[in-house]
Amino acid sequence: MNGSEKPLLKVDKIKGFYREDFGEEVKAVNGVSFELNRTEKLGIAGESGCGKSTLAKCISGLFNPPLEYVGGSVFLDGEDIVGLEAEKLKKKIRGRRISYIPQSAMNALNPTAKVKNLVWDIVKQHNPEAKRRQAIEKARKRSDMLNLPERVLDEYSCEFSGGMKQRIIIMLSTLLDPDVLIADEPTSALDVSTQKALVKMLKGLVLEEVAGSLIFITHDLTTLRHATDRIAVMYAGEFVELGTVEQIIFDPVHPYTKALISSILVPESGIREKELEVISGKPPDLHNPPEGCRFYPRCDSADRQPERCGRKRPEMVSYRGRLVRCHAAKEKVTANNGEEASRNGK
Amino acid sequence: MGNDDSLLIETSGLTKIFGSGANRVTAVKDVDLEVKEDTIVSLVGQSGSGKTTVARLLLLLIKPTEGDIFYRGEETSRYGRKAKLKYWRNVQGIFQDPYASFNQFFKVRKILKDCYKLFDSAPSGSIKDRQIKQALEYVNLDPDDVLDKYPFEMSGGQRQRIMISRAFILSPKLLIADEPTSMIDACSRSNILNSLLNLKAEQEITINFITHDMGLAYYVSDELLIMKDGEIVERGNVVRVVENPRHSYTKQLLKDVPTLEEEWV
């Protein structure tokens with residue numbers, strides 16, 4: 001993974017702020033970095049308002065006002081796509097190489113067009129020479145893969161249930177075999193059984209190389225446990241911890257990750273005896289985020305130190321095999337051996 | 001019916017049919033349920049199973065097509081306007097969609113003050129103000145911050161907490177909580193659950209939880225009812241149902257809920 005092979009997607013300190021009237025700005029995504037390899041599945045978790053969806057927009061180059069590009073880069077196979085002109089980005093990258101399924105996209109399907117016309121619309125936009133019959137044939141195969149019935153292409157989207165609409169959206173957004181499929185809360189509005197089936201299908205799409213890789217955004221850590229290989233936990237516009245599923249779910253390090261994990265309720269024996277952990281306070285106002293660690297005002301870790309955590313912004317450090325943004329972890333790393341500290345951290 | 005005294009609400013053959021002819025939908029079918037005093041009963045099912053219709057029936061917001069609801073043995077179908085108001089004094093709801101539950105033209109102050117209209121004898125203005133403040137502090141909201149806001153100026157979680165503070169002021173006998181944490185993040189959810197559980201402990205409120213979240217139901221309730229296509233397919237002590245489900249649907253549901261320990265297959 002960390003070898004000489006170039007990552008498929010490299011996001012480097014990307015920053016996207018919302019510009020408001022009177023010159024105020026919301027620092028929604030404040031320097032997020034990560035790498036994604038082919039066939040990899042990355043989950044992004046966090047509370048609402050932490051910048052998950054904005055990050056997805058930044059990655060796919062969707063800087064539409066009021067969202068404004070502030071800094072950083074997104075490399076797709078080594079090419080920085082943030083600098084590309086809008087037209088090229090639209091025709092060559094978005095939809096074709098990076099496909100973004102926004103939250104509740106299933107409610108945005110045009111109810112007056114048959115699904116096959118939606119299919120043709122998408123293909124035609126990206127490839128003027130495409131043949132309609134071939135495009136629909138491909139859509140038919142994909143629909144079959146997603147367990148959609150035969151008739152789906154000849155009907156209107158409003159005739160289907162939520163789970164089916166969501167699968168139609170996934171079929172449409174993977175028609176052009178994207179390298180990166182970004183799914184924003186694809187399962188949140190669905191029943192557990194449908195959720196499970198959908199997660200299986202998304203994993204199947206990556207396995208069969210229909211989609212090169214998957215970024216799965218959700219507030220539901222339990223689903224990520226089953227859907228992805230790695231999980232990034234986001235808080236107030238930054239990643240606070242990034243590691244494998246096992247590391248994040250069973251051995252979290254950052255106090256915020258710990259609190260998130262401990263608030264999961266699953267029907268497993270022992271849950272009824274557990275005390276629900278509450279994170280006091282509310283997420284910071286991103287107009288004016290705290291100067292030091294952004295989680296400091298709500299942190300109840302024993303290692304919390306006002307003069308350190310309240311003043312200086314912590315960096316991502318490599319600690320016990322994962323990346324974590326916490327002064328306490330950094331100190332432990334430095335104490336153990338000084339060298340390993342900031343290799344991946346930046 | 002041995003211990004009738006503890007029985008707060010009972011329904012028999014509760015059925016609700018919407019539409020007619022080809023569009024006929026039986027949303028709730030022959031539901032018998034009992035809610036005993038000082039317990040938490042959860043109604044769990046997937047979307048479209050009729051959970052919310054049951055909640056609306058129990059709150060007398062819609063009339064059942066067949067069957068009846070008994071509150072402490074009284075037939076609620078016979079209630080007139082006055083008796084209904086009295087019923088609502090004792091049975092309150094927290095709704096799924098906090099966006100649609102408040103009058104958008106009223107400030108929070110008025111919304112909370114209007115609760116007192118259900119009281120037989122309302123306390124004086126200053127006591128009202130004090131109680132409203134207490135109620136908001138109870139759910140971790142800052143009274144100075146929210147009292148002069150309109151519902152649309154607040155987040156979903158805040159609105160859901162305003163609903164709980166209403167319940168705190170009214171202190172009903174039975175609280176019907178329909179997906180009270182559906183729009184909320186895991187951490188704030190813990191907050192709301194804790195406020196509800198405290199409320200139950202302090203004011204001896206019986207709670208009827210309606211949710212699709214098996215983990216949540218397992219955590220909070222004493223008794224579990226599993227609903228599918230308008231019918232209750234399994235009921236019993238929560239630990240028994242979760243650990244030893246009998247109905248095939250319950251088994252399926254439990255298999256599909258993601259857990260941390262076991263891999264999804």
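Being a predicted model, the structure only gives us computed values, none of them experimental. Just so it is clear, the values below take in all heavy atoms, side chains as well, and ignore hydrogens, waters and symmetry mates. In what follows, every chain begins at residue 1, and chains take the letters A, B, ... in the order their sequences are listed.
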Asks: Checking A/Glu25 now: which residues fulfil salt bridge (charged side-chain N to carboxylate O under 4.0 Å, His left out) with it, not counting sequence neighbours?
Replies: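 By the salt bridge (charged side-chain N to carboxylate O under 4.0 Å, His left out) rule, A/Glu25 matches A/Arg19.
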Asks: Check whether any side-chain heavy atom of B/Leu253 lies under 4.5 Å from a side-chain heavy atom of A/Val192, and answer yes or no.
Replies: yes
Asks: Mind listing the closest non-hydrogen atom pair of A/Lys196 and B/Lys255 along with its distance?
Replies: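 For A/Lys196 versus B/Lys255, the nearest heavy atoms are NZ-O, 3.6 Å.
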Asks: Can you tell which part of A/Ile279 gets under 4.5 Å to a heavy atom of chain B, answering side chain, backbone, both or neither?
Replies: both
Asks: Sort B/Gln46 into side chain, backbone, both or neither according to what part of it lies under 4.5 angstrom from a heavy atom of chain A.
Replies: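 Both parts, heavy atoms under 4.5 Å.
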Asks: Under 4.5 Å from any heavy atom of chain B, what part of A/Val245 do you find: side chain, backbone, both or neither?
Replies: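 Looking at A/Val245, nothing touches chain B.
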Asks: Would you say B/Tyr219's side chain and A/Lys274's backbone share a donor-acceptor pair under 3.5 angstrom?
Replies: yes
Asks: Please tell me if the side chains of B/Met214 and A/Leu265 come closer than 4.5 Å, counting only heavy atoms from C-beta onward.
Replies: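 Not touching, per the 4.5 Å side-chain cut-off.
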Asks: Quick one: does any side-chain atom of A/Glu268 pair with a main-chain N or O of B/Thr259 as donor and acceptor, under 3.5 Å?
Replies: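 No; judged by distance alone, with no hydrogens or angles, the pair does not exist.
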Asks: Determine the option with the most heavy-atom pairs under 4.5 angstrom with chain B, choosing from A/Asp191, A/Ile271, A/Thr194, A/Leu260.
Replies: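 The residue among A/Asp191, A/Ile271, A/Thr194, A/Leu260 with the greatest pair count is A/Asp191.
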Asks: Nearest 0.5 Å, what's the CG-CG distance between B/Leu197 and A/Leu276?
Replies: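 Those atoms lie 7.5 Å apart.
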Asks: Is there a side-chain contact between A/Pro267 and B/Leu254, using heavy atoms and a 4.5 Å cut-off?
Replies: yes
Asks: Is A/Ile249 close to B/Leu260 at the side-chain level, that is, under 4.5 Å between some pair of heavy atoms?
Replies: yes
Asks: Let me know if A/Glu246 has heavy atoms under 4.5 Å from chain B in its side chain, its backbone, both or neither.
Replies: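 Contact with chain B: none, neither part.
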Asks: Any chance the side chains of A/Ser193 and B/Gln252 put a donor and an acceptor closer than 3.5 Å?
Replies: no
Asks: Would a distance-only check, ignoring hydrogens and angles, find a side-chain to backbone donor-acceptor pair under 3.5 Å from A/Arg272 to B/Tyr218?
Replies: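 A pair under 3.5 Å: yes.
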